[in-house]
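Here is how names work: the chains are called A, B, and so on, in the same order as the sequence lines, proteins then strands, and each is numbered from 1.
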Amino acid sequence: MHEILKKTVWSDQVPRITEFVLDAPEIARAHQAGQFVIIINGETGERIPLTIAAKDAEKGTISILFQEVGASTMMLGQMNEGDKLMHVAGPLGKPTHVEKFGTVVCIGGGVGIAPVHPIAQAMKAAGNRVISILGARNKDLLIYEDYMRAASHEVRITTDDGSYHKKGFVTDELKGMIEVEKIPIDLVVVIGPPIMMKFVCKVTEPHKIQTFASLNTIMVDGTGMCGACRVTVGGQTKFVCVDGPEFDGHQVDYDEMMARQRQYLPEEKLAVDICKKKMCHSA
Amino acid sequence: MSDEIKDEKPKKPKVPRQPMPEQDAHKRARNFEEVTTGYTEEQALLEASRCIQCKKPLCTTGCPVGIDIKSFIGLISEKNYLGALGKIKESSLLPAVCGRVCPQEMQCENVCIVGKKNEPVAIGRLERFVADYQGKHGGGDLPKCAPSTGKKVAVVGAGPSGLTAAFDLTVLGHKVTVFEALHKAGGVLVYGIPEFRLPKAIVEREVKVLEAMGVEIKLNYVIGKIKTIDQLMQEDGYDAVYVCNGAGLPWFMGVPGENLNGVFSANEFLTRSNLMKAFDFPNYETPIKKFKNVAVVGGGNVAMDAVRTALRLGAENAYIVYRRSKDELPARAEEIEHAGHEGVKFQLLTAPVRVIGNDEGWVSGMECLQMELGEPDDSGRRRPVAKKGSEFVMELDAVIVSIGTSSNPLLFQTTPGLGQTKKGYIEVESEESCRTTKKGVFAGGDIVTGAATVILAMGAGRNAAKNIDKYLKDGEWWSKENA
Ligand SMILES: Cc1cc2nc3c(=O)[nH]c(=O)nc-3n(C[C@H](O)[C@H](O)[C@H](O)COP(=O)(O)OP(=O)(O)OC[C@H]3O[C@@H](n4cnc5c(N)ncnc54)[C@H](O)[C@@H]3O)c2cc1C
Ligand code: FES
């Protein structure tokens, strides 16, 4: 059992973005940037993979952040400080490969900003110059800005609708940095929706800029036992939960990955409808 | 006794092997309740009466853990059911499980002397009867444990092997902590084998007994991630570690189209249904797809479990696609028979070539080749050879791959000094001693043998406990050079 020590609602727009700080001393101690946990909320819950967004090894806490898009995350969002999560397993996955590369651009899109945060921190601590690009649909959906400022030397922000900083996509900003500003970039790390990661890779590939993409596939066990999370990387099948979550972004078959992520859409929709009814009843 | 007298002795009326009561095949093919319902007391007594109490019984030699079968059946005849259970438990921790899932027809019942002329005594069904008897009526005390030795042992993996080792080590007075990666203890017994073959309540009951004895079970602990084996020994003060983390990494076929939507490993399909109870979606939150035409590639117990699960989820056509013939199917005879009665179709001597997809990236079929049996291969089974030009397409909306598993690389990556065999399993001095190449670390079960059986995994847990106990007393180890 892991107590929710602090709950923050980052955005009240639907779908809501919520953060929990959890009491998880052993996980906090073992965690390295890029790793995730699997949580289960209650007896009938499903196993939900969530990247660790921040940790405090001394206090023994980790932060997880989620958008309430499915039934399970909606119910998770109903939990409050003092409540306890039934199961938290982790840290899982391979840590990010951190060393002194030079200039590292950390790109986070939407809730993908949260998992990029510990990587930016680690890259900065390793002596890199860290420039972060944060993208959100609008100002209200932008999360972790302050944390990212602390973890980076420079932060750039784009919003799809122009409600905050530059109007546009993270790819526009990245392209400008490479082609117009001619900033030499040694590494790009990107976490966000698959379509965004695909296009970021399309920007960096012609310039031969090494790009790590952290993939968020469907998972069941998260320990390498089922293959639900498999993706094709460089023509080979890989299991994201144990071989990843980070891969050479230029080698990932994003189209296959996106098709695989749509597998349970009808079931998810059904579950959300039922969940909404239940919540109306209990409200 | 003269021959004449013997001939005159009225012959005992021959009691036939008692059939196992089961749910009607049509009905059960659509529900997840247990297929077989178990012997009644009358049936058990009749079946026990078929045992001729051989002077030199062979059945025990056929049992991988050497259960004193003759004695436990004798005790059943005396209606001393708890005594019979105690007899079994001298050699096997989980009779309610093994009575249900052991391949008896290849083990004890294969060598049963009654079976030479008639059908063998139904040893497995009797084993299950006494275990269920206790389950229903209670009785039987917690085992007595030796006074504490002050030694701590970590067990990695809560499958049958780990649970058995934990039990024995606790009885010997050691303090045991079991670390399990998943959120439930039981290993394959909870994530792989379906409810209709092994009700999960049985596994839970056994786990509760362990906890009542003082075994600590830590769930959601992936060793190698949250802690390494070295940390367990150096920082947390464990004096020995037993690694029994199974062989859970699923193989795929390596044919084109295998990452299409609608292709699953049997492990994924079964884990969703069993561990996560997705068959009861949306009451349980994990979804599972319901397909009309499903092919399961493979012929073992795992394949049978997957195909029968697909049927229960509503498949109209559920096929087993296997490249050899019916005689070579490695699954338990009973499962093959049950699957057939339930309506599973056997597409034998068939090997997949590629999975075919539609425009949306979903499976629409599978191209296969017909095979014929050629010369025997290393395993002694006749090798399947493709017939030229025999390609054909099966129309399908799902393919479940069940062609075997191998070892998870995680522990090797994080445990310096832990030797690995060519096939990727943990290297041990011998399966008897369970000693690995790393001092204080023992291993057994599927992670040593490759995917095998529950009873062998349990037997390994027993051996490990015995050898760990010895090591904790004398501190002796082996070296590869002297071996
Ligand atoms: C679907 C299916 C049907 C089967 N049917 C039969 C049958 O009818 N009869 C029969 O005899 N056998 C059957 N088997 C085989 C049998 O279940 C196995 O041989 C047996 O369970 C092996 O036991 P084990 O304890 O070695 O490993 P497992 O049961 O695999 O248990 C290993 C445990 O270790 C955990 N683990 C893995 N890695 C770590 C880690 N790093 N840290 C912590 N924990 C970890 C796993 O989560 C798992 O719980 C079947 C197997 C399957 C998959
Ligand atoms: S989630 Fe099951 S293998 Fe990765």
Side-chain angles (χ1 to χ4, degrees), chain A residues 2 26-27 29-31 35 37-48 70-72 75 86-94 218 220-232 237 239 242-243 253 255-264 266-268 270-275, chain B residues 180-184 187-188 191-192 218-222 224-228 231 245-252 254 258-272 275-278 280-290 357 360-362 401 405 407-410 413:
Chain A
H2 297 263
E26 285 175 295
I27 299 176
R29 212 177 54 161
H31 165 262
Q35 292 185 301
V37 288
I38 286 205
I39 64 161
I40 308 174
N41 174 21
E43 198 51 53
T44 59
E46 77 180 307
R47 295 175 67 90
I48 312 173
S72 300
M75 288 198 268
M86 203 155 177
H87 301 288
V88 181
L92 301 171
K94 286 195 175 144
I218 291 173
V220 182
D221 61 302
T223 67
M225 183 266 275
C226 79
C229 59
R230 65 196 191 279
V231 286
T232 303
T237 295
F239 288 6
V242 286
D243 301 322
D253 183 341
D255 294 334
E256 178 189 276
M257 177 186 159
M258 285 186 269
R260 289 186 59 78
Q261 275 187 320
R262 286 192 293 268
Q263 276 184 83
Y264 292 95
E267 286 79 9
E268 277 163 28
L270 175 74
V272 166
D273 290 345
I274 293 172
C275 178
Chain B
E180 167 54 48
L182 295 172
H183 61 281
K184 272 204 185 112
V188 166
Y191 80 71
K218 291 194 161 203
L219 301 172
N220 307 310
Y221 271 74
V222 183
K225 285 292 173 193
I226 191 160
K227 271 193 181 135
T228 62
Q231 281 175 317
N245 61 331
L249 196 81
W251 275 328
F252 284 89
E258 216 167 6
N259 289 347
L260 284 164
N261 284 348
V263 184
F264 308 90
S265 73
N267 269 6
E268 175 183 353
F269 196 67
L270 290 169
T271 301
R272 283 182 184 273
L275 180 69
M276 306 312 296
K277 305 239 184 305
D280 196 9
F281 176 86
N283 290 326
Y284 282 77
E285 288 167 35
T286 306
I288 197 162
K289 286 279 174 190
K290 303 192 170 172
E360 278 112 59
W362 281 91
V401 184
T405 53
S407 70
N408 191 316
L410 187 69
Q413 290 163 0

Given the options B:Phe281, B:Phe264, B:Phe269, which has more heavy-atom pairs under 4.5 Å with chain A than any of the others? B:Phe281

Between B:Phe252 and A:Phe239, how do the two ring planes meet: parallel, tilted or perpendicular, split at 30° and 60°? perpendicular

Walk me through it: do A:Glu267 and B:Lys290 pass the test side chain to side chain contact (heavy atoms under 4.5 Å, CB included)? CA-CA 10 Å; A:Glu267 286 79 9; B:Lys290 303 192 170 172; over 6 Å; no

B:Asn267 (side chain) donor-acceptor with A:Met225 (main chain) under 3.5 angstrom: yes

Select, from A:Ala30, A:Ser72, A:Gly42, the one with the greatest count of heavy-atom pairs under 4.5 Å involving chain B. A:Ser72

Intermediate values then yes/no, side chain to side chain contact (heavy atoms under 4.5 Å, CB included), A:Glu46 and B:Tyr284: CA-CA 7 Å; A:Glu46 77 180 307; B:Tyr284 282 77; over 6 Å; no

Taking atom types as modelled, is there a side-chain donor on A:Arg260 or B:Asn259 under 3.5 Å from an acceptor on the other? no

A:Arg262 side chain vs B:Glu360 backbone, donor-acceptor pair below 3.5 Å: no

Hits for side chain to side chain contact (heavy atoms under 4.5 Å, CB included) against A:Asp255, two or more places apart or cross-chain, chain-then-number order -> A:Lys198, A:Asp253, A:Met258

With sequence neighbours excluded, what pairs up with B:Arg272 under the salt bridge (charged side-chain N to carboxylate O under 4.0 Å, His left out) test? B:Glu268

With only heavy atoms counted, which part of A:Arg29 is less than 4.5 Å from chain B, the side chain, the backbone, both or neither? side chain

When the 4.5 angstrom heavy-atom criterion is applied to A:Glu256 and chain B, the contacting part is side chain

Taking the side chain as everything from C-beta on, heavy atoms only, tell me whether B:Tyr191 gets closer than 4.5 Å to A:Asp221. no

When rounded to the nearest 0.5 angstrom, what distance separates CD in B:Glu285 from CD1 in A:Ile40? 10.0 Å

Please flag which part of A:Ile27 lies under 4.5 Å from any non-hydrogen atom of chain B: side chain, backbone, both or neither. both

Side chain, backbone, both or neither: which part of B:Val263 has an atom under 4.5 Å from a heavy atom of chain A? both

Answer yes or no: is there a donor N or O on one side and an acceptor on the other, between the side chain of B:Lys225 and the main chain of A:Ala89, under 3.5 Å? no

